[in-house]
**Student:** 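I'd like to ask you about the structure that follows.
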There are 2 protein chains.
Amino acid sequence: MPYSKIPNATIKRLSLYRKQLRRLISEDREVVQSQELADSLGLTSTQIRKDLSYFGKFGCRKKGYDVNLLLANLRKIMGVATDNKLCLFGCGNLGNALLGYKGFEQRGFSIEAIFDTDLNKIGKFFHGKRCYSVNQAKEVIKRKNIKIAIIAVPDETVDEILEIIILSGIKSILNFTQRHLQLPGGIMARSVDFTDKLELLSYFSHTK
Amino acid sequence: MPYSKIPNATIKRLSLYRKQLRRLISEDREVVQSQELADSLGLTSTQIRKDLSYFGKFGCRKKGYDVNLLLANLRKIMGVATDNKLCLFGCGNLGNALLGYKGFEQRGFSIEAIFDTDLNKIGKFFHGKRCYSVNQAKEVIKRKNIKIAIIAVPDETVDEILEIIILSGIKSILNFTQRHLQLPGGIMARSVDFTDKLELLSYFSHTK
DNA sequence: CAAATATTGTGATTATATTCACAATATAAA
DNA sequence: TTTATATTGTGAATATAATCACAATATTTG
């Protein structure tokens with residue numbers, strides 16, 4: 001069962017499982033069944049068991065899954081290092097909201113550098129972190145060994161920033177602009193766009 | 001071809017198409033081919049043509065699609081009113097970033113009311129909008145005829161807020177918390193979670 | 001006007017993902 | 001200890017989505 005044959009849809013769900021398992025642990029739960037996990041995530045129990053089966057056998061028949069053990073296994077499977085370093089491009093409203101977001105640390109991510117083009121921001125501190133010029137990006141990213149970049153700049157400047165990011169050797173990008181990124185091979189990006197979801201909601205409320 | 005038989009994956013892409021068409025219009029483009037549209041969105045031309053074919057014939061062989069016409073058709077198909085009214089629950093970092101986000105207006109959405117539980121915030125103005133108590137939510141939402149709610153409160157308070165939202169008659173929810181929402185029938189929610197995407201990026205950079 | 005061509009639109013095919021149905025089996029009960 | 005039972009794990013079946021291959025046809029060219 002090589003990783004490459006694992007359904008993409010399965011991989012996307014793994015972090016959902018981790019999230020729910022963390023919640024259960026915070027409630028001092030020790031064991032959970034696929035059915036309960038499914039209910040709390042809006043999935044089916046079969047789907048969860050099948051997903052897990054691609055990677056091995058983690059449950060105990062008749063009892064369920066040891067919550068801590070399963071989480072540990074998923075962490076190993078996903079290879080999420082505990083020190084995933086991020087850098088942030090763009091220190092506006094959204095950038096600052098991200099800086100204030102506590103979910104990163106909980107999940108083993110931390111924003112280690114922030115960049116902007118605005119001379120009024122460069123050198124200043126945001127949420128305790130110094131803002132660098134984008135011109136320093138390459139050097140800072142290499143020095144701090146950062147692997148993932150977040151783009152939170154205005155749509156218009158995304159091309160320019162993308163070029164800098166790629167030159168810095170970054171291979172993984174989380175994109176908050178509305179633009180679809182044109183990427184060279186070997187670089188992976190995911191986009192976050194909630195207005196798409198709003199339109200979807202609007203569509204369904206209209207057609208139902 | 002009843003709407004119910006249209007692939008879900010197709011529907012999710014419709015707003016991508018709209019987004020790209022708006023961009024083309026802003027660049028004074030009149031016509032676009034499925035191939036170009038596909039390239040700019042990272043899809044295939046066949047997929048775009050097939051998607052559109054579920055709703056009718058909008059192109060012109062040999063030329064392509066009239067950008068304005070196609071956008072107008074998609075708008076009709078999706079039933080996106082030009083005055084989709086939103087309300088926002090939670091006036092923290094994230095809530096304020098959303099208030100400052102210009103993409104809403106561009107897409108025909110507008111935040112018409114904001115709510116919080118914090119007495120220090122109630123009555124104050126954020127981005128020019130008065131913050132109401134969540135106790136007033138039902139009344140305000142009914143009066144302003146708001147159809148969609150955004151949840152941007154801390155995870156711990158989501159159950160309480162969800163109850164208020166449902167009692168207010170809201171049927172569509174955009175959820176920014178990490179929690180999966182347990183919803184009664186007839187209510188639809190979409191969740192925005194970028195840490196999931198970070199983990200996915202981390203997974204792929206690790207396994208590749 | 002006829003031929004060549006580019007592009008759409010779509011039935012058929014293939015690939016991907018989900019669900020079903022049930023064997024395997026650890027645990028609890030008798 | 002034996003039997004009953006609940007739950008996992010999984011091959012097979014089904015459903016969903018993407019891609020292929022090409023017919024249809026509007027436009028351009030000769």
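Numbers restart at 1 for each chain; the letters A, B, ... are given by sequence-line order, proteins then strands.
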**Student:** For B:N8, which residues count as a side chain to side chain donor-acceptor pair (under 3.5 Å) partner, sequence neighbours excluded?
**Tutor:**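 Result, side chain to side chain donor-acceptor pair (under 3.5 Å) vs B:N8: none returned.
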
**Student:** Starting at NZ of A:K57 and ending at C1' of D:dG11, how long is that distance when rounded to a whole Å?
**Tutor:**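 Result: 13 Å.
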
**Student:** Name all residues meeting the side-chain contact (heavy atoms from CB on, under 4.5 Å) criterion together with A:S110; count only those two or more places apart in sequence or in a different chain, and write none if there are none.
**Tutor:** A:E112

**Student:** Whole angstrom is fine here: how far is it from CD in B:Q47 over to C1' in C:dT10?
**Tutor:** 15 Å

**Student:** Measure from CZ on A:F58 to P on C:dT25 and round the result to the nearest Å.
**Tutor:** 18 Å

**Student:** Report the distance from atom NZ of A:K12 to atom P of C:dT16, rounded to the nearest whole Å.
**Tutor:** 14 Å

**Student:** How many whole angstroms separate atom CG of B:L41 from atom P of D:dA18?
**Tutor:**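 One finds 14 Å between P of D:dA18 and CG of B:L41, rounded.
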
**Student:** Tell me which nucleotide among D:dG9, C:dT19, C:dA17 gets nearest to the side chain of A:Y65.
**Tutor:** D:dG9

**Student:** Could you check whether B:S34 gets within reach of a base, just the sugar-phosphate, or nothing at all, counting any heavy atom under 4.0 Å?
**Tutor:**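 Sugar-phosphate: the residue B:S34, judged by heavy atoms under 4.0 Å, touches backbone atoms but no base.
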
**Student:** Only distances under 3.5 Å count here; give the side-chain donor-acceptor pairs of residues 67-74 of chain B to other protein atoms, sequence neighbours excluded, each with its distance to 0.1 Å.
**Tutor:**
| residue | atom | partner | partner atom | Å |
| --- | --- | --- | --- | --- |
| B:N73 | ND2 | B:L69 | O | 3.1 |

**Student:** Is the shortest side-chain N/O distance from B:Y54 to OP1 or OP2 of D:dT16 below 4.0 Å?
**Tutor:** no

**Student:** May I ask you to test the B:F194-A:R190 pair for a side-chain heavy-atom distance under 4.5 Å?
**Tutor:** no

**Student:** In whole angstrom, what separates B:K50's NZ from D:dT19's P?
**Tutor:**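 From B:K50 NZ to D:dT19 P: 12 Å.
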
**Student:** Tell me the interatomic distance from A:L52, atom CG, to D:dT7, atom C1', rounded to whole angstroms.
**Tutor:** 14 Å

**Student:** State which residues pass side chain to side chain donor-acceptor pair (under 3.5 Å) with B:T177; sequence neighbours excluded, sorted by chain then number.
**Tutor:**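 In terms of side chain to side chain donor-acceptor pair (under 3.5 Å), with neighbours along the sequence ignored, B:T177 is linked to B:N175.
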
**Student:** With distance as the sole test, does B:K197 use its side chain to make a donor-acceptor pair with the main-chain N or O of A:S191 at under 3.5 Å?
**Tutor:** yes

**Student:** For A:T10, report the nucleic acid contact type (base, sugar-phosphate, nothing); a contact means any heavy atom under 4.0 Å.
**Tutor:** nothing

**Student:** Let me have a per-nucleotide readout for nucleotides 21-30 of chain D, 5' to 3', with B, S or -, counting only protein heavy atoms under 4.0 Å.
**Tutor:** --BBBBBS--

**Student:** Looking at C:dT8, C:dT18, D:dA17, which one has an atom nearest to any side-chain atom of B:Q33?
**Tutor:** C:dT8

**Student:** My understanding is that only residues two or more places apart in sequence, or in another chain, count here; which of them pass side chain to side chain donor-acceptor pair (under 3.5 Å) with B:Y101?
**Tutor:**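 So B:Y101 forms a side chain to side chain donor-acceptor pair (under 3.5 Å) with A:Q178.
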
**Student:** Roughly, in whole Å, what's the span from CG in A:N8 to C1' in C:dA15?
**Tutor:** 13 Å

